[in-house]
Novice: 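There's a structure below that I have some questions on.
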Amino acid sequence: SRERAEETVSQIRDMGRKAEALQCSVADFQACGDMVKKALELFGHIDILVNNAGINIINEFSEFSTEDWDKVVNINLRGQFIMSREVCKLMKKQNYGKIINTASVGGYAGGAAQIAYYASKGGVVNFTRALASELAPYHVTVNAIGPGVFDTEMTHDSLDGDFAKYLEGRVPLGRWGKDGELDGALIYFASDASSYCTGQTLYVDGGYSENLLRY
């Protein structure tokens, strides 16, 4: 949201750094291109792109509408394609860049009633691999973070009752992810500490994906 973005801008400016908030729909080709141009005007270069926009719609497959499928895939997968395409043009010229995609443990595992979400996140994992290979000659790394279950705006309403207990029982650490527990992975991929790491998906999921191998 614009409001939360502006709060972050204020925090960064309070530290004496430059920040601006720009807003667009990641599923809109023209809007993404315009936003990238504006960011370039403001800062002169773009070194890091974090593709973090995502949604989920829950419904059984036989009732899942084409409109809902398109909405989820357009934001979760096409949005990453559009933003990465626009930004990589600049990164190739710079001969440097970091692209970090938000995948999900759902890119590794499937499940009922969330067909578009799982399909899109699986696509993000392979999109990350493919783009990493193409951009490697330009010293641009492309990696993904695969969160497990975190208490967020998107998941909060489902973290209650029997379904929550079922999921919690399959996480070896026995709990949901906490605020801040994705920070380390993000900082690693954004920094030169990961300069020899590309095409990878790092699952931050309390061991959930590892536990799936036992079932």
Side-chain angles (χ1 to χ4, degrees), residues 1-57 67-104 107 116-117 120-121 123-132 134-136 138-147 152-154 182-183 185-192 194 198-199 201:
S1 70
R2 182 82 191 193
E3 181 181 353
R4 293 183 66 182
E6 292 289 0
E7 290 174 1
T8 302
V9 165
S10 295
Q11 292 172 7
I12 295 171
R13 288 176 176 171
D14 287 345
M15 294 187 288
R17 308 307 294 259
K18 183 177 179 179
E20 299 287 344
L22 306 174
Q23 187 177 33
C24 79
S25 168
V26 296
D28 184 326
F29 281 95
Q30 186 62 48
C32 288
D34 291 344
M35 185 175 69
V36 170
K37 290 178 182 177
K38 182 62 176 178
L40 190 60
E41 291 174 5
L42 290 167
F43 295 97
H45 54 95
I46 298 175
D47 299 319
I48 302 164
L49 167 66
V50 181
N51 285 310
N52 191 51
I55 64 168
N56 189 17
I57 295 175
E67 291 75 18
D68 283 349
W69 169 275
D70 288 344
K71 185 175 182 179
V72 174
V73 173
N74 282 348
I75 293 175
N76 291 4
L77 183 57
R78 188 172 105 153
Q80 297 203 15
F81 157 70
I82 297 171
M83 287 300 303
S84 298
R85 187 192 62 183
E86 296 305 304
V87 170
C88 86
K89 297 172 185 177
L90 307 174
M91 291 181 172
K92 287 170 70 174
K93 292 179 181 179
Q94 297 170 174
N95 205 38
Y96 177 85
K98 302 279 188 177
I99 296 177
I100 306 163
N101 299 322
T102 301
S104 166
Y117 181 80
S120 64
K121 291 302 185 177
V124 170
V125 171
N126 228 29
F127 170 71
T128 298
R129 293 191 187 108
L131 189 59
E134 183 163 339
L135 296 183
Y138 303 95
H139 302 99
V140 176
T141 61
V142 186
N143 293 289
I145 299 172
T152 67
E153 292 178 17
M154 188 172 73
L182 294 173
D183 295 357
L186 181 61
I187 292 169
Y188 170 64
F189 284 142
S191 74
D192 286 335
S194 62
T198 195
T201 298

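What you see is a predicted model, and the numbers here were worked out from it, not measured in a lab. Just the heavy atoms: all of them, side chains too, but no hydrogens, waters or symmetry mates, feed the values below.
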Novice: Give me the atom names and distance for the closest heavy-atom approach of Q30 to D28.
Specialist: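 Distance-wise, the nearest heavy atoms are N-OD1, 3.0 Å.
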Novice: List the atom of Y188, the atom of S194, and the distance in Å for their closest heavy-atom pair.
Specialist: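 For Y188 versus S194, the nearest heavy atoms are O-OG, 2.8 Å.
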Novice: Between V73 and A116, which heavy-atom pair has the shortest distance, and what is it?
Specialist: CG2-O, 4.4 Å
Novice: Taking all atoms of both residues into account, what is the closest heavy-atom pair of C24 and A31, and its distance?
Specialist: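 Answer, listing the atom of C24 first, then A31: CB-CB, 3.8 Å.
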Novice: For R2, does the CZ atom have more than 12 heavy-atom neighbours from other residues, nucleotides or ligands under 6.0 Å away?
Specialist: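 More than 12 within 6.0 Å, yes.
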Novice: Within this structure, what is the CG-CG distance for the pair N76 and N51, rounded to the nearest 0.5 Å?
Specialist: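 These two atoms lie 11.0 Å from each other.
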Novice: Do D192 and Y96 have side-chain heavy atoms sitting under 4.5 Å apart?
Specialist: yes
Novice: Nearest heavy-atom pair of C32 and I82: which atoms, and what distance?
Specialist: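 Taking every non-hydrogen atom into account, CB-CG2, 3.6 Å.
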Novice: Please report the interatomic distance NZ(K98) to CD1(I48), rounded to the nearest 0.5 Å.
Specialist: 8.0 Å
Novice: Mark yes or no for whether S10, through its side chain, and E6, through its backbone, hold a donor-acceptor pair below 3.5 Å.
Specialist: yes
Novice: Test T102 against I145 for side chain to side chain contact (heavy atoms under 4.5 Å, CB included), laying out the working first.
Specialist: CA-CA 5 Å; T102 301; I145 299 172; 5.6 Å; no
Novice: Indicate yes or no: at least one non-hydrogen side-chain atom of V140 is less than 4.5 angstrom from one of C88.
Specialist: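 A side-chain contact under 4.5 Å is absent here.
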Novice: What closest approach, in Å, do A39 and L22 show between heavy atoms, and which atom pair accounts for it?
Specialist: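 Here A39 and L22 meet closest at N-CD1, 3.9 Å.
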Novice: Run the side chain to side chain contact (heavy atoms under 4.5 Å, CB included) check on E20 and R13 step by step: do they pass?
Specialist: CA-CA 9 Å; E20 299 287 344; R13 288 176 176 171; 3.4 Å; yes
Novice: Any side-chain heavy atom of E3 sitting closer than 4.5 Å to one from E7?
Specialist: yes
Novice: Can you confirm whether L135 sits close enough to M91 that some side-chain heavy atom of one is under 4.5 Å from a side-chain heavy atom of the other?
Specialist: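 No, too far: nothing below the 4.5 Å cut-off.
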Novice: Would you say the side-chain atoms of S84 pair up with the backbone N or O of F81, donor to acceptor, closer than 3.5 Å?
Specialist: no
Novice: Should we say atom OH of Y138 is surrounded by more than 12 heavy atoms from elsewhere, each under 6.0 Å from it?
Specialist: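 It does not: Y138 OH has 12 such atoms or fewer within range.
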Novice: Tell me whether N143 contacts the main-chain N or O of G199 through its side chain, where contact means a donor paired with an acceptor under 3.5 Å.
Specialist: yes
Novice: Check whether more than 12 heavy atoms from other residues, nucleotides or ligands sit under 6.0 Å from atom CD of Q94, and answer yes or no.
Specialist: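 Counting neighbours around CD of Q94, more than 12 heavy atoms of other residues, nucleotides or ligands fall under 6.0 Å, so yes.
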Novice: Taking R78 for the side chain and A27 for the main chain, is one N or O donor matched with an acceptor at less than 3.5 Å?
Specialist: yes
Novice: To the nearest 0.5 angstrom, please state how far the CG atom of L77 sits from the NZ atom of K121.
Specialist: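 It is 9.0 Å, given to the nearest 0.5 Å.
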Novice: Measuring from N52:CG to I100:CD1, what's the distance to the nearest 0.5 Å?
Specialist: 10.0 Å
Novice: Applying side-chain contact (heavy atoms from CB on, under 4.5 Å), name anything that partners A136, two or more places apart in sequence or on another chain.
Specialist: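 Counting only residues at least two positions away or on another chain, A136 forms no side-chain contact (heavy atoms from CB on, under 4.5 Å).
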Novice: So M83 and V36, do their side chains get closer than 4.5 Å, heavy atoms only?
Specialist: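 Yes, side chains in contact.
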Novice: Just wondering, more than 12 heavy atoms not from K89 lying within 6.0 Å of its NZ?
Specialist: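 Yes - once you tally the heavy atoms of other residues, nucleotides and ligands closer than 6.0 Å, there are more than 12.
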Novice: Could you give the distance from CD1 (I46) to NZ (K93), rounded to the nearest 0.5 Å?
Specialist: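 Reported to 0.5 Å precision, the distance equals 11.5 Å.
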Novice: For the side chain of K18 and the backbone of L42, is there at least one donor-acceptor N/O pair under 3.5 Å apart?
Specialist: yes
Novice: Residues two or more places apart in sequence or in another chain: which of them pass side-chain hydrogen bond (donor to acceptor under 3.5 Å, both in side chains) with T201?
Specialist: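 With sequence neighbours excluded, T201 shows a side-chain hydrogen bond (donor to acceptor under 3.5 Å, both in side chains) to no residue whatsoever.
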Novice: Measuring from atom CD1 of I75 to atom CG of N56, what distance do you get when rounded to the nearest 0.5 angstrom?
Specialist: 11.0 Å
Novice: Donor-acceptor pair, distance only, cut-off 3.5 Å: does the side chain of T198 make one with the backbone of T141?
Specialist: no
